[in-house]
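What follows is a set of notes on a single structure, which appears directly below.
Chain naming here is simple, since letters A, B, ... match the order of the sequence lines and numbering starts at 1 in each.
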Number of protein chains: 2
Amino acid sequence: MLRVSKFTDYAVVVLSRLEAEGGVQTAPGLASGTGIAEPTVAKVLKMLAQSGLVEGLRGARGGYRLLRPLASVALSEVIVAMDGPIALTACVDGGFGLCEAEHTCPVRGRWDPVNAAIRGALSAIMVSEIASPPAAPRTAAATPMPAYAAE
Amino acid sequence: MLRVSKFTDYAVVVLSRLEAEGGVQTAPGLASGTGIAEPTVAKVLKMLAQSGLVEGLRGARGGYRLLRPLASVALSEVIVAMDGPIALTACVDGGFGLCEAEHTCPVRGRWDPVNAAIRGALSAIMVSEIASPPAAPRTAAATPMPAYAAE
DNA sequence: TCAAAGGGGACCTTTTGGGTCCGGATTGCA
DNA sequence: TGCAATCCGGACCCAAAAGGTCCCCTTTGA
């Protein structure tokens, strides 16, 4: 249903905890602090480290450290780190040979502006805006939300 | 990976075909015209009919008819019709009792502005913009697209 | 030298998306 | 009046991906 993976959700929670505590935190410590199972937290942190959002420090007294303040980390970066590149359809930017109805498909390549719009929207939101519990009251729903049939 | 279902893709193709041909089209006819398997097309059309985007005419000489021009149908409507409501996370607008770490989770309810932003972006794009093959050249990438690591 | 921690996989389980099929209801046409 | 075409609403099944766990190796401070 057009949703991000749970890992993205976890990542935001873990990042939030990392910034709240400050300094170097261990994976088990973050697990108990967030209530997420430890192996899962470890996996999330590994992925975040590979994307350069956190830094892993090995050895005894090691742990993970935030590399950038969450106010400068766009939500899209976290999503890309956890879920891979943001593309709403399988036909991304004109790949060939994958779609059998390639010659008849009138939609080829036309999803690009849609992807761009989504990326833009997610790049405008910083992780700190959804992570900080006692944060400044953000103007909720800056974008006009049309009235959908709430299923 | 933050993508819509194939059904949404199919729906856009079918709607496009429906508008291109005009009048009443049968499900088998649309299937052969689009290259999509017939049962799948039928399923897509059923869902579109339930959402009021097309109308099903029963009996012999029946078929499906477009109810509104695609230029007035927002892409978000199609996505909602096929994939259900647009909500990036499971915790939608403060549901209770589902998340075990409910009391410790610092992110509760804070995804709402994100959802709103996505909805807004998808509501601004009309189906005709991605459906029509010889359409007017739309200003691609109206939103600044940050440079991601293309995986 | 040892223990605490991250690194990088392989592996398994569950969910769900994607697709097919069937019987029933409706309606135009011969 | 019967028949055939067509939509309607499910149930059902399969495969792929997500979600989660575990193991062993490397690194490093005490």
Nearest to the side chain of A:Phe7, which nucleotide is it out of D:dG20, D:dC7, C:dG18? D:dG20
Expected list for residues 42-54 of chain A near DNA chain D, using heavy atoms below 4.0 Å, is A:Lys43
Whole-Å gap separating P (C:dG18) and CD1 (B:Ile36): 13 Å
Taken to the nearest 0.5 Å, the spacing of B:Arg68 CZ from B:Glu19 CD works out to 11.5 Å
Taking C:dG28, D:dG19, C:dG6 as options, the one with an atom nearest any side-chain atom of A:Pro28 is C:dG6
Whole angstrom value for the distance that separates C1' of C:dT16 from CZ of A:Arg3: 11 Å
Of all the heavy-atom pairs spanning A:Ile86 and A:Ser76, show the shortest one and how long it is. CD1-CB, 4.2 Å
CA sep, side-chain torsions, deciding dist, call: B:Ile36, B:Leu30, side-chain contact (heavy atoms from CB on, under 4.5 Å): CA-CA 8 Å; B:Ile36 308 171; B:Leu30 289 169; over 6 Å; no
With a 4.0 Å limit, can you tell me whether B:Tyr10 has a side-chain N or O closer than that to the phosphate oxygens OP1/OP2 of C:dG17? no
CD of A:Glu38 versus P of C:dA4: gap in Å, rounded? 13 Å
Give a yes or no on whether a donor-acceptor pair under 3.5 Å exists between the nucleobase atoms of C:dA25, that is its base, and the side chain of B:Arg58. yes
Closest heavy-atom contact between B:Val78 and B:Ala11? CG1-CB, 3.7 Å
From the list D:dA4, C:dG7, D:dC7, which nucleotide is the closest neighbour of the side chain of B:Ala27? D:dC7
Residue A:Tyr64, side-chain heavy atoms: nucleotide from C:dG6, D:dT21, D:dA5 that is nearest: C:dG6
Report the distance from atom CG of A:Leu2 to atom P of D:dA18, rounded to the nearest whole Å. 14 Å
Rounded interatomic separation in angstrom, taking CG from A:Leu57 and P from D:dT27: 15 Å
Could you grab the distance from atom OG1 of A:Thr26 to atom CD of A:Glu38, nearest 0.5 Å is fine? 8.0 Å
Between B:Ala81 and B:Ser51, the two heavy atoms sitting closest are CB-OG, 3.1 Å
Do A:Gln25 side-chain atoms and A:Gly22 backbone N/O form a donor-acceptor pair below 3.5 Å? yes
Integer-rounded Å distance: C:dG19 P and B:Met82 CE: 11 Å
Check whether any side-chain N or O of A:Thr40 sits under 4.0 Å from OP1 or OP2 of D:dT21, and answer yes or no. yes
